[in-house]
S.K.: 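Structure in structure tokens, see below.
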Amino acid sequence: MTTSRQHQEAHGIGQIEEQLEQQIKAATKIQGENKLDEKIKAAAHEHSSEIDEIIK
């Protein structure tokens, strides 16, 4: 069973993560995306991989 303190800490971590995500979005709007960021994001959303090619 979790304690009240653990629950509060988990909630605080969630709030921090949400704030960081908002800061990232704001910075991206102001500065634009870096080419490397775009490549990483595209690779993360790719559905095929080398393993898929081997399986075929």
Side-chain angles (χ1 to χ4, degrees):
M1 186 170 186
T2 61
T3 65
S4 178
R5 182 177 178 185
Q6 288 170 326
H7 179 75
Q8 289 174 345
E9 289 173 354
H11 181 69
I13 291 170
Q15 287 180 323
I16 292 168
E17 289 174 341
E18 187 175 319
Q19 282 182 327
L20 289 173
E21 184 64 32
Q22 290 173 356
Q23 289 175 355
I24 291 168
K25 287 179 182 179
T28 300
K29 283 183 180 180
I30 293 167
Q31 298 173 345
E33 277 198 65
N34 180 316
K35 292 289 181 190
L36 181 58
D37 291 341
E38 292 173 11
K39 288 180 181 181
I40 292 169
K41 193 179 289 185
H45 290 91
E46 252 183 42
H47 294 288
S48 64
S49 69
E50 290 180 22
I51 293 175
D52 292 334
E53 295 299 319
I54 293 170
I55 293 172
K56 289 179 183 179

S.K.: Within this structure, what is the CD-CD distance for the pair Q6 and E9, rounded to the nearest 0.5 Å?
M.R.: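 It comes to 7.0 Å.
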S.K.: Of E18, K25, E17, which is the lone residue that meets side chain to side chain contact (heavy atoms under 4.5 Å, CB included) with E21?
M.R.: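 Going through E18, K25, E17 one by one, the side chain to side chain contact (heavy atoms under 4.5 Å, CB included) with E21 is satisfied by K25 alone.
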S.K.: So, taking the atom named OG in S4 and the one named NE2 in H11, what distance separates them when rounded to the nearest 0.5 Å?
M.R.: 11.5 Å
